[in-house]
Protein chains: 2
Amino acid sequence: MDIENYIPHLSIDCVIFGFHGEQLKVLLPKVKRLDTWTLPGGYVLKSEDLEEAAQRILEERTGLKDIYLEQFYTFGKAKRSTGEMMKKMLLVNDFEIDESSWIFQRFVSIGYYALVDFSKVVTKTGVYDEFCEWYDIHQLPNLAFDHAEIIQKALETLRYMLDDKLVGLNLLPETFTMKELQILYQTILDKPLRRDNFQRKILSMGILERIEKKFTGAAHKAPYLYKFIK
Amino acid sequence: MDIENYIPHLSIDCVIFGFHGEQLKVLLPKVKRLDTWTLPGGYVLKSEDLEEAAQRILEERTGLKDIYLEQFYTFGKAKRSTGEMMKKMLLVNDFEIDESSWIFQRFVSIGYYALVDFSKVVTKTGVYDEFCEWYDIHQLPNLAFDHAEIIQKALETLRYMLDDKLVGLNLLPETFTMKELQILYQTILDKPLRRDNFQRKILSMGILERIEKKFTGAAHKAPYLYKFIK
DNA sequence: ACAAAAGTGTTCCGCTTACACCCATGT
DNA sequence: ACATGGGTGTAAGCGGAACACTTTTGT
């Protein structure tokens, strides 16, 4: 990684959403030797489209290609990132520091959110990271810079777009039950939905294909499995 | 203007919307000695918030402060702006060119749209401009770079947000008739709306205050004037 | 038989749409 | 009186919300 190949003062931060155990989660790497987490992010090569850069960063963290991505906002307050935090993160890991580098100056960061199938992700730990883990959206760890704010904005956008963008297609496995889809929606919106009306609303969209019954061994009628129509 | 004070490879482009003569218009400066127009834009000072930069750029062009502004997208395809066009624009105006400057390299541009009261704007001509004029959204001149695409995206965002953001408040004068507001909505959405239902819908929002009758001298009932409630 | 959860028919309500009529004003 | 356009009453239609009933499965 030669710092000269990147556009200075510009970064991309990704909010990677996954869904597991009835919780909406985000993938966050922990900074080595600090009680601090960050958003998975990176810089943009001078020859690279923004979206390419975001895809590259995501692949580094999740091992997945062609991830569903949406740019949602660009964060550019002059004081949003302090060089102090950046230096601390590098010092504590015995990296060399060139004080004059733009790395320690002001940053503009372009926010993308990604929707991934939790079960397909193999999290990878970056060079600056101690580990990279999923966190429930309601129990986030200590976040650096304005990253908590960025997650909040990503979540708001996700909610706002929920009816337009086929969110379920990207957060759920190939097949799923109506209940799973409902819980996903409830989790994102953070409010309960009526089972009967939810079922009808989704089916009336004509985006789901009913597959077969799923026998869970539970003491009740087996639910159908559904998948999204291509 | 010392180029060193700005964040390199980053620019802000503003789509300034105004409303006049039943048309939605955008304010576009013409490049001197070329059959080319651009969006009013500029660079971001290293010490400046993005939004501050956008406000500064807007004040330079319109003379207005505290303009209604929304960031809507960041454009970052690697080939979206060619140094060739930039050089042509400077050469034709006898500016000196430093080939190595980031000015001629790749740009990431943050798009803001602004809503202004047409009647209050006193357009100002920038140093690179021949003049700065309003253009009907349906009859745009020859635009440089990807600026036509940026305007399109701004317009889509404006339409999408029309019911949430009090667009009329910013595009219309202090007082206006219901018909004027309706024509504004129709123009933005590019489709006819029913007079009776539009009136009721807007009034039911409880955002308008009825002032007095406006005697136009026309051969019909005088319409009320309205203004937005603070 | 019963409990639990899935699936669906039906009703009610509110908002949008459409059609209608009345009102104010100038010719 | 009449034409023109503003303001509003009212009914039809549509989609969402709420309720209830049926279906399927394991204990």
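By convention in this document, chain letters (A, B, ...) are assigned in the order of the sequence lines, proteins followed by strands, and residues within each chain are numbered from 1. No experiment lies behind these values; they were computed from the predicted model shown.
Read 5' to 3', the first and last nucleotides of DNA chain D with an atom closer than 4.0 Å to a heavy atom of chain B are D:dA3 to D:dT10.
Scored by the side chain to side chain contact (heavy atoms under 4.5 Å, CB included) test, B:Thr187 finds B:Phe19, B:Leu24, B:Ile183 as partners (sequence neighbours excluded). Under the salt bridge (charged side-chain N to carboxylate O under 4.0 Å, His left out) criterion, B:Glu60 pairs with B:Arg56, not counting sequence neighbours. When the side chain to side chain contact (heavy atoms under 4.5 Å, CB included) test is applied to A:Leu162, the partners found at least two apart in sequence or on another chain are A:Val167, A:Tyr185, A:Ile188, A:Leu189. Legend: residues meeting side chain to side chain contact (heavy atoms under 4.5 Å, CB included) with B:Pro141, ordered by chain and number and at least two apart, are B:Leu28, B:Trp37, B:Tyr135. Residues passing the salt bridge (charged side-chain N to carboxylate O under 4.0 Å, His left out) test with B:Asp117: none are found, sequence neighbours excluded. For A:Lys65, the salt bridge (charged side-chain N to carboxylate O under 4.0 Å, His left out) partners two or more places apart in sequence, or in a different chain, are A:Glu59. Applying the salt bridge (charged side-chain N to carboxylate O under 4.0 Å, His left out) criterion to A:Asp163, with sequence neighbours excluded, gives A:Lys201.
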Contact state string [nucleotides 16-25 of chain C, B base, S sugar-phosphate only, - no protein heavy atom under 4.0 Å] = -BBBB--BBB

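Taking a 4.0 Å limit (strictly below) on heavy-atom distances, residues 175-192 of chain B does not reach DNA chain C anywhere.
A:Arg80 has a carboxylate O that lies under 4.0 Å from a charged side-chain N of A:Asp146, or vice versa, which qualifies the two as a salt bridge.
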Which pairs would a plain distance check flag for residues 219-227 of chain A, meaning a side-chain donor or acceptor within less than 3.5 Å of a matching protein atom at least two apart in sequence or in another chain?
from     : atom 1 : to       : atom 2 : distance (Å)
A:Tyr226 : OH     : A:Arg210 : NE     : 3.2
A:Tyr226 : OH     : A:Arg210 : NH2    : 2.9

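The side-chain hydrogen bond (donor to acceptor under 3.5 Å, both in side chains) analysis of residues 164-175 of chain B, with sequence neighbours excluded, yields the pairs A:Tyr160-B:Asp164, B:Glu70-B:Lys165.
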